[in-house]
J.: 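One structure is given below, represented as structure tokens, and several questions about it will come after.
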Amino acid sequence: MEPHGPACPSSVLFGCELTASTKSYTFQVDEDDDSDHILALSVVCLTDGAKDECNVVEVVGRNHENQEIAVPVANLKLSCQPLLSLDNFKLQPPVTFRLAAGSGPVHLSGWHRIMHREDASFEDDDLSEEDEEELPPIKPAKK
């Protein structure tokens with residue numbers, strides 16, 4: 001199989017900035033899109049012009065009961081923690097990032113990963129047929 005064929009997921013760089021004037025950013029995809037989307041956050045950091053104050057970044061999403069829930073993911077301060085690695089923290093859209101405290105600017109970066117469903121199911125079908133053909137028939141045990 002080709003390494004860059006249609007069944008491979010694609011990734012694009014993601015970035016947004018939260019400031020005193022733009023306190024939130026919503027990452028969403030088209031509802032009619034037939035692909036699976038994952039946003040993997042790598043780093044949250046203070047950028048040029050940040051004051052030495054607490055900057056709290058929240059992720060706002062929905063829980064299993066479809067209720068809005070806000071969870072703080074970073075508390076940054078220029079003098080003690082200007083950057084936080086989130087180790088590809090995975091989120092499913094739609095998701096909103098909000099500057100709950102502080103004036104920023106805070107930059108969030110990561111990867112937007114896209115897996116096309118029809119390609120994935122086609123690949124799975126091919127693999128399962130190949131696996132079945134390669135397995136030798138089961139023979140009864142000798143007594």
J.: Ile38 vs Asp36, test: side chain to side chain contact (heavy atoms under 4.5 Å, CB included). Steps then yes/no.
T.: CA-CA 7 Å; Ile38 296 292; Asp36 290 324; 5.9 Å; no
J.: What distance separates Leu84 CG from Leu46 CG, expressed to the nearest 0.5 Å?
T.: 10.5 Å
J.: Are Val59 and Val95 packed together at the side-chain level, in the sense that at least one heavy-atom pair is separated by less than 4.5 angstrom?
T.: yes
J.: Main chain of Lys77, side chain of Glu53: is a donor-acceptor contact present, judged purely on distance under 3.5 Å?
T.: no
J.: Rounded to the nearest 0.5 Å, what separation is found between the OG atom of Ser11 and the CZ atom of Arg113?
T.: 5.0 Å
J.: Taking all atoms of both residues into account, what is the closest heavy-atom pair of Leu78 and Ala50, and its distance?
T.: CD2-O, 3.3 Å
J.: If we only count heavy atoms from C-beta on, is the Val106 to Val44 side-chain gap below 4.5 Å?
T.: yes
J.: When you compare the side chain of Leu39 with that of Lys90, does any pair of heavy atoms fall below 4.5 Å?
T.: no
J.: From Cys16 SG over to Leu108 CG, what is the distance, rounded to the nearest 0.5 angstrom?
T.: 4.5 Å
J.: Look up atom CD in Gln28 and atom OG1 in Thr96, then write down how far apart they are to the nearest 0.5 Å.
T.: 7.5 Å
J.: Please check if the side chain of Asn55 supplies one atom and the backbone of Gly104 the other of a donor-acceptor pair under 3.5 Å.
T.: yes
J.: If Ile, Leu, Val, Met, Phe, Trp and Tyr residues are connected whenever their side-chain heavy atoms lie under 4.5 Å apart, and connections chain through other members, are Leu41 and Val43 in the same group?
T.: no
J.: Taking all atoms of both residues into account, what is the closest heavy-atom pair of Ile114 and Ser35, and its distance?
T.: CG2-CB, 3.8 Å
J.: Check side-chain hydrogen bond (donor to acceptor under 3.5 Å, both in side chains) between Glu17 and all other residues, then give those that pass, not counting sequence neighbours.
T.: Thr47
J.: Sort and list the pairs that fulfil ring-ring contact (aromatic ring centres under 6.0 Å, His included) and have at least one residue in residues 35-73, not counting sequence neighbours.
T.: His37-His112
J.: Take atom CD of Gln92 as the centre, draw a 6.0 Å sphere, and report whether it contains more than 12 heavy atoms from other residues, nucleotides or ligands.
T.: no
J.: Kindly check if the number of other-residue, nucleotide or ligand heavy atoms within 6.0 Å of NZ (Lys23) is above 12?
T.: yes
J.: With rounding to the nearest 0.5 angstrom, report the OG1 to CZ distance, Thr26 to Arg98.
T.: 9.5 Å
J.: Linking I/L/V/M/F/W/Y whenever their side-chain heavy atoms sit closer than 4.5 Å, directly or via other members, would Val57 and Leu91 fall into one cluster?
T.: yes
J.: Taking all atoms of both residues into account, what is the closest heavy-atom pair of Gly102 and Leu99, and its distance?
T.: O-CD2, 3.6 Å
J.: Considering non-hydrogen atoms only, spot the tightest contact between Val60 and Ala70 and give its length.
T.: CG2-CB, 4.0 Å
J.: Who else is in the cluster with Leu13 when I, L, V, M, F, W and Y are joined by side-chain contacts under 4.5 Å?
T.: Trp111
J.: Is the backbone of Val56 close enough, under 3.5 Å, to the side chain of Asn75 for a donor and an acceptor to pair up by distance?
T.: no
J.: Without swapping roles, check the side chain of Asp87 against the backbone of Ser85 for a donor-acceptor pair under 3.5 Å.
T.: no
J.: Less than 6.0 angstrom separating the ring centers of Phe27 and Phe14, yes or no?
T.: yes
J.: May I ask you to test the Asn88-Leu86 pair for a side-chain heavy-atom distance under 4.5 Å?
T.: no
J.: Show the nearest heavy-atom pair for residues Gly49 and Pro105, with the distance to one decimal.
T.: C-CD, 3.9 Å
